[in-house]
Amino acid sequence: MTWDDATWILTSSFIIFTMQSGFGLLESGAVSHKNEVNIMVKNTMDVLFGGITYWLFGYGISFGEAPGSNPFMGVGYWAVDVPDAEMGVVYSSYIFQLSFATTATTIVSGAMAERTRLTAYILFSFLNTIVYSFPAHWIWGRNGFLNTLGAIDIAGSGVVHLCGAVTGLVAAILLKPRSGRYDDGPNELPLGNPTNAIVGMFMLWWGWLGFNCGSTFGISGGKWKLAAKSAATTINASIGGGIAAVIFSYIKNKRKYGVSDLVNGILGSLVSITASCAVVRPWEALVIGALGGVITIATVSLMDRIKIDDPVSTFAIHGSAAVWGLLAVGLFVEIDYLEDMTKGHAGLFKGGGMYLLGVQSLAVICIIVWSAALSVLMLYAIHKTIGLRMTPEEEMLGADLVEHNIGNWNDPVVFMRSISARPSFPSATRRSAVFPLPPEVSVVSLASALEREPKRDNDPREQAAITSK
Amino acid sequence: MTWDDATWILTSSFIIFTMQSGFGLLESGAVSHKNEVNIMVKNTMDVLFGGITYWLFGYGISFGEAPGSNPFMGVGYWAVDVPDAEMGVVYSSYIFQLSFATTATTIVSGAMAERTRLTAYILFSFLNTIVYSFPAHWIWGRNGFLNTLGAIDIAGSGVVHLCGAVTGLVAAILLKPRSGRYDDGPNELPLGNPTNAIVGMFMLWWGWLGFNCGSTFGISGGKWKLAAKSAATTINASIGGGIAAVIFSYIKNKRKYGVSDLVNGILGSLVSITASCAVVRPWEALVIGALGGVITIATVSLMDRIKIDDPVSTFAIHGSAAVWGLLAVGLFVEIDYLEDMTKGHAGLFKGGGMYLLGVQSLAVICIIVWSAALSVLMLYAIHKTIGLRMTPEEEMLGADLVEHNIGNWNDPVVFMRSISARPSFPSATRRSAVFPLPPEVSVVSLASALEREPKRDNDPREQAAITSK
Amino acid sequence: MTWDDATWILTSSFIIFTMQSGFGLLESGAVSHKNEVNIMVKNTMDVLFGGITYWLFGYGISFGEAPGSNPFMGVGYWAVDVPDAEMGVVYSSYIFQLSFATTATTIVSGAMAERTRLTAYILFSFLNTIVYSFPAHWIWGRNGFLNTLGAIDIAGSGVVHLCGAVTGLVAAILLKPRSGRYDDGPNELPLGNPTNAIVGMFMLWWGWLGFNCGSTFGISGGKWKLAAKSAATTINASIGGGIAAVIFSYIKNKRKYGVSDLVNGILGSLVSITASCAVVRPWEALVIGALGGVITIATVSLMDRIKIDDPVSTFAIHGSAAVWGLLAVGLFVEIDYLEDMTKGHAGLFKGGGMYLLGVQSLAVICIIVWSAALSVLMLYAIHKTIGLRMTPEEEMLGADLVEHNIGNWNDPVVFMRSISARPSFPSATRRSAVFPLPPEVSVVSLASALEREPKRDNDPREQAAITSK
């Protein structure tokens with residue numbers, strides 16, 4: 001590795017970290033006003049508690065090559081600290097991989113929004129980064145078993161996005177929907193702050209260029225050519241996904257342009273090109289992105305129809321689009337003669353036969369099974385110990401007030417608005433300004449929810465909420 | 001081109017793309033609340049539909065060098081896709097130029113704000129990128145006729161900004177002012193969200209460093225020196241423009257500091273240094289920027305006095321400051337011996353005589369005539385087919401509600417505020433909390449504007465609005 | 001210097017400038033609504049008026065090496081403008097140092113928020129950049145006396161942060177608290193817009209990577225290794241500070257997670273690692289950051305207890321954490337054999353004895369004494385001439401309305417809210433929706449505060465406000 005390579009990796013990392021700001025604004029803009037600060041705090045916790053785990057264990061599990069390292073997990077680099085001779089290579093790699101790891105955990109926060117206790121989330125964030133580190137080893141580690149088989153996931157459609165999305169899906173199912181979410185049917189809820197959501201999308205969009213182009217892991221040799229190609233395919237995919245989303249949304253919404261559809265379509269297309277960015281052609285990127293966008297929007301509707309409440313469409317964007325992206329590798333890629341990023345294999349449409357498609361399918365299955373199994377274990381353990389879900393009163397008051405003391409008790413207009421779910425659509429089915437109080441919640445219990453902090457953990461309501469909904 | 005050059009170009013492109021976030025926030029902060037989401041969606045559409053056009057045709061028209069390429073237009077690179085040997089150079093150039101092209105189209109969105117139908121805008125965005133690609137060829141293409149004559153426009157004061165601004169001016173004139181805009185005279189309207197507008201300005205400011213410094217198109221040889229100089233002149237110009245704006249505004253506004261003036265002055269100064277950034281001295285940049293800032297603010301007042309309604313001062317910032325910037329090249333530049341960016345000519349003040357000033361004036365005229373003529377054609381065609389302007393009811397309700405279903409019908413305070421034009425200034429002439437309803441708008445017609453989506457296209461009101469205002 | 005080095009410096013500068021957006025959003029989100037635009041304008045003024053000073057005098061004072069240059073101040077580079085042979089090195093250095101200088105001044109704006117006249121602030125901003133330039137020479141100038149002694153402050157814990165913070169502290173003391181600030185005791189005030197504050201923190205966080213990693217001043221030789229290490233230590237320090245803040249806040253706030261604590265802890269930890277980023281180990285960074293975070297939060301409480309009103313915790317974040325950061329150098333650093341960034345010395349824990357700790361302490365003292373003395377002079381001169389503090393009426397109405405004509409006189413709900421201090425906490429002691437009017441303010445005097453602009457400067461109230469509070 002030369003200093004030119006290191007500079008590219010570091011600069012890309014700095015750009016990738018700005019995606020945390022993007023995720024924060026996107027999620028904050030998507031949820032209701034009473035939770036918009038809390039979700040940004042969650043994203044901060046991901047960097048803090050996910051970061052400490054990654055430094056202590058994660059980087060070593062993914063990229064350690066000390067004795068004992070094997071196809072399933074790496075060994076070494078615990079609490080990353082290396083002598084001067086190695087520090088250029090290891091620290092630039094560490095910081096780059098850390099930016100990926102914290103992204104993977106942040107993805108999950110969206111699916112858990114508006115009903116998860118912050119203390120539980122912090123513990124989850126600490127543990128989840130370890131879960132992420134294993135698939136990173138399988139595909140990116142020198143001796144990872146999927147790597148050896150030839151699996152290709154250049155910037156992490158599978159390792160980062162699918163891993164986070166599956167965990168999010170498990171969490172959304174375990175947590176159950178927000179109170180009253182489906183009382184009026186599966187209609188999409190409005191965004192709490194659409195302007196912030198779009199700014200967040202913009203930040204993610206441009207940050208994604210660092211994500212995908214940085215994954216050539218340098219610029220020396222032929223790498224700069226692959227990085228340039230990655231930029232072109234990444235933007236082209238988003239153009240494909242965005243245009244598909246606009247058309248799809250215009251038809252679905254009776255000639256209105258849904259903002260959520262636009263955002264979901266663009267982000268889904270970016271997820272789907274992430275696996276193959278450096279090794280497909282620009283027109284193929286357009287096709288992969290367009291399909292990725294449509295798959296994402298369709299998954300959003302499907303999830304609401306089966307009443308899995310995923311407030312910022314985590315699984316649709318980062319899950320189903322990622323599966324498509326990993327399989328698209330098995331269809332579209334041609335052999336890369338510059339840097340051998342395709343490990344000698346070509347996709348089905350390029351004369352490579354079924355082998356690569358098979359390996360990619362295996363990668364999909366391994367990631368899904370691993371993430372799902374570990375997530376169930378982790379989340380169930382947290383639920384049984386410190387408790388995962390807020391009480392109905394806490395949910396009604398909102399996490400901003402309950403967790404952070406943010407709110408205004410003295411201005412009745414502001415207060416009533418802040419405890420209403422969110423501004424309603426002008427639709428016949430959602431004319432009520434506030435969600436009706438659930439039967440077990442009274443004004444008295446609401447007020448006491450703010451006072452009884454010291455005994456909060458032992459509250460039987462919290463247990464009831466999660467098991468009875 | 002080396003990989004060092006390619007890295008510089010790519011990194012600059014990534015920074016330039018963040019200007020889309022900046023434009024979005026600036027425009028969103030400048031318009032009234034009822035349109036703040038719609039304008040950000042417009043900016044997204046520019047990347048999507050402008051991007052697909054640029055990939056298909058635009059890059060080829062600007063930079064194609066296949067047989068048939070001539071001083072008026074390039075030929076080749078349709079649907080950009082090149083073999084491995086060329087991909088480093090072509091894709092990094094493509095992504096850099098794409099970031100410029102989408103910027104040029106985004107500039108126009110401000111002039112059309114608050115009264116343009118989104119479907120019409122999408123079609124416009126698709127077409128307008130082609131209009132942009134021709135002047136880019138004339139000045140930046142190897143055999144472009146203005147290039148051959150020696151015209152200098154380093155980062156696109158003319159190609160990007162003037163081109164976009166003239167189109168914006170044509171659109172503002174054709175669209176006519178927003179309903180009731182000049183009922184109380186030509187006074188400036190307050191910004192809908194000044195905080196967002198300033199954040200947007202900040203993002204544009206720092207993004208401009210990528211814009212201007214990336215335009216050395218590499219760092220090898222003497223290019224890194226010119227890039228460093230560009231950074232210094234760019235910042236110095238903005239300092240000049242900002243300080244001029246502060247002084248000008250303080251006097252004009254009777255010892256208050258107008259936020260719009262500050263934003264417009266800084267952005268105008270950045271536009272004016274864009275043509276000459278690498279080949280003027282820092283103190284000259286200060287002068288060019290200061291004049292650019294003053295010209296911008298003066299143009300804003302002039303436009304309102306002649307009742308051309310340009311909601312975010314597009315023409316003032318990107319048009320008149322750009323003309324000044326292009327002419328300043330003919331005055332200030334000295335011969336560049338490092339990379340020959342001045343093509344052997346010097347400006348009037350550096351002993352080069354009138355030649356360069358003449359060529360720069362010719363460039364100004366060519367760009368204005370071309371952009372104006374094509375814009376009239378395009379916009380008139382759109383007006384006559386699918387219709388350009390919203391109906392009075394739609395305008396009253398706001399594009400956020402009408403185009404995107406964003407709004408709150410259940411909260412009367414929020415609703416009445418959202419359909420009022422915007423928060424009023426504390427001035428004697430603007431004490432009404434909402435604009436009065438125009439005579440042809442009734443509460444009944446307002447309500448029906450939300451229900452009648454299916455027959456919207458044939459509505460005679462839309463035709464009437466644009467022809468009778 | 002090679003072009004690779006220049007690129008690194010320029011790219012870092014571009015990233016550092018984005019910190020201005022971060023500071024703007026953080027401060028704007030921290031103050032009350034009626035001042036949220038004004039504080040962003042102040043940050044803009046820092047770039048404009050701080051920038052012009054730095055170009056004219058500052059860069060020369062810090063880095064001039066012409067005859068006459070001495071250990072106390074540099075001489076040369078006035079109104080920076082160099083011939084072609086030097087321009088690559090000087091302009092890239094200039095733009096990098098300018099990004100640091102404007103940051104130092106911006107730091108002060110927070111301490112002066114909500115009660116300083118903008119005209120006074122502009123004059124202050126112009127002068128303050130000169131104050132900053134001297135310590136920069138002492139520590140970073142080739143013949144600076146602290147540099148010669150071996151003081152280490154890699155990215156400016158002392159030069160940038162402590163310098164700004166001490167000036168801020170002096171200003172906060174001279175200005176006195178905001179009207180009514182401590183009427184209900186020293187409790188923390190809520191953030192005006194916590195979402196914006198967190199977005200601002202995010203932007204600062206990622207921008208800090210450019211700040212610290214760019215301070216290797218290149219990538220050639222062993223510099224890229226130190227840059228990579230700096231990225232790792234910077235992020236690790238913030239993880240340490242953030243986690244410490246979360247734990248501290250959770251205990252202090254009776255099991256709620258304070259947003260201010262989180263923001264202050266992370267930013268304080270970043271300040272504390274800035275002095276030593278390239279020459280400590282990742283685990284040491286974690287410790288330095290954790291202590292930096294705790295010191296910051298403790299200082300915030302202390303300041304309010306002694307009734308020094310520093311609205312965005314400037315001194316706590318940039319001052320006390322910076323002192324810790326400078327002293328930590330004297331404890332933790334080991335000799336750097338790659339680029340001699342430690343000037344041959346090691347810290348106390350690495351066998352270097354007390355020498356380095358002594359030099360670092362001397363640096364702390366020199367910076368504090370210099371900044372404090374010059375600040376008192378400057379601010380007192382401004383106070384006695386054009387006046388520093390707003391009148392009570394102006395403060396009540398808010399700087400957005402008084403300085404920028406932003407506000408809404410026609411909507412009584414909005415208006416009453418905008419002149420109330422800020423949304424109150426649900427605490428027993430702060431139930432009033434608005435601060436009570438101070439006795440000397442009447443509705444008549446409030447109204448006249450908006451009309452009497454022409455005679456504002458001679459108003460005896462302004463003098464009274466600052467001397468009698």
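- Of the two parts of B:Ile235, only the side chain, counted from C-beta on, holds a non-hydrogen atom closer than 4.5 Å to a non-hydrogen atom of chain C.
- If you measure heavy-atom distances from B:Leu226 to chain C, the contacts under 4.5 Å come from both the backbone and the side chain.
- Residue C:Trp3 touches chain B through both its backbone and its side chain, counting heavy-atom pairs closer than 4.5 Å.
- Interface summary for chain C: among B:Thr7, B:Val199, B:Asp4, B:Leu338, the most heavy-atom pairs under 4.5 angstrom belong to B:Asp4.
- Between C:Leu127 and C:Thr53 the shortest side-chain heavy-atom distance does not fall below 4.5 Å.
- With contacts defined as side-chain heavy-atom distances shorter than 4.5 Å, the pair C:Glu27/C:Ser109 qualifies.
- The candidate from C:Leu25, C:Val47, C:Asp84 with the greatest count of non-hydrogen atom pairs under 4.5 Å with chain B is C:Val47.
- With a 4.5 Å cut-off on non-hydrogen atoms, C:Leu48 touches chain B through its backbone and its side chain both.
- For B:Val246, the part sitting under 4.5 Å from any heavy atom of chain C is the side chain, from C-beta outward, and nothing else.
- The aromatic rings of C:Phe202 and C:Trp206 lie parallel to each other, with less than 30° between the two planes, well short of the 60° mark.
- Annotation: C:Phe100 is in aromatic contact with C:Phe211 [ring centroid separation under 6.0 Å].
- Heavy-atom distances place the backbone of C:Ala85, and not its side chain, under 4.5 Å from chain B.
- Heavy-atom pairs under 4.5 Å with chain C were tallied for B:Ser220, B:Gly207, B:Gly242, B:Cys213; the largest tally goes to B:Ser220.
- With a 4.5 Å cut-off on non-hydrogen atoms, B:Ile219 touches chain C through its backbone and its side chain both.
- Of all the listed residues (B:Gly221, B:Ser238, B:Gly210, B:Gly222), the one sharing the greatest number of non-hydrogen pairs under 4.5 Å with chain C is B:Gly221.
- Heavy-atom pairs under 4.5 Å with chain C were tallied for B:Leu286, B:Asn236, B:Val263, B:Leu262; the largest tally goes to B:Asn236.
- No part of B:Asn253 comes within reach of chain C, as not one of its non-hydrogen atoms sits under 4.5 angstrom from that chain.
- A 4.5 Å side-chain heavy-atom check between B:Leu291 and B:Ser272 finds every atom pair outside the cut-off.
- Contact of the C:Leu123 side chain with the C:Phe49 side chain is not registered, since no non-hydrogen atoms from C-beta on lie closer than 4.5 Å.
- Only the backbone of C:Val80 has a heavy atom closer than 4.5 Å to any heavy atom of chain B.
- Contacts between residues 8-23 of chain B and chain C, defined by a heavy-atom separation under 4.5 Å, are made by B:Trp8, B:Thr11, B:Ile15.
- Listed by chain and number, the residues in a side-chain hydrogen bond (donor to acceptor under 3.5 Å, both in side chains) with C:Tyr59 are C:Ser93 (sequence neighbours excluded).
- Residue contact with chain B, scored on non-hydrogen atoms closer than 4.5 Å, is absent for C:Asn38.
- Under the side-chain hydrogen bond (donor to acceptor under 3.5 Å, both in side chains) criterion, B:Asp304 pairs with B:Arg181, B:Tyr182, not counting sequence neighbours.
- If you measure heavy-atom distances from C:Ser28 to chain B, the contacts under 4.5 Å come from the side chain alone.
- Remark: B:Tyr337 pairs with no residue by the ring pair (Phe, Tyr, Trp, His ring centres under 6.0 Å) rule, at least two apart or across chains.
- Side-chain atoms of C:Asp46 and C:Thr106 form a donor-acceptor pair, as typed in the model, at a separation below 3.5 Å.
- Contact of C:Val90 with chain B is not made at all, since no heavy-atom distance falls under 4.5 Å.
- Considering only heavy atoms from C-beta on, B:Leu204 comes within 4.5 Å of B:Leu267 through its side chain.
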**Message:** Show, in sequence, the C-alpha distance, side-chain angles and deciding distance for B:Glu334 and B:Arg281, and conclude whether the side chain to side chain contact (heavy atoms under 4.5 Å, CB included) test is met.
**Reply:** CA-CA 9 Å; B:Glu334 52 198 309; B:Arg281 306 210 146 272; 3.2 Å; yes
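- Using a 4.5 Å cut-off between heavy atoms, B:Thr234 does not touch chain C at all.
- If you tally non-hydrogen atom pairs under 4.5 Å between each of C:Thr2, C:Val41, C:Thr44 and chain B, the highest count goes to C:Thr44.
- Counting all heavy atoms, side chain and backbone alike, B:Leu26 lies closest to B:Ala197 at CD1-O, 3.5 Å.
- Of all the listed residues (C:Met45, C:Glu86, C:Met203), the one sharing the greatest number of non-hydrogen pairs under 4.5 Å with chain B is C:Met45.
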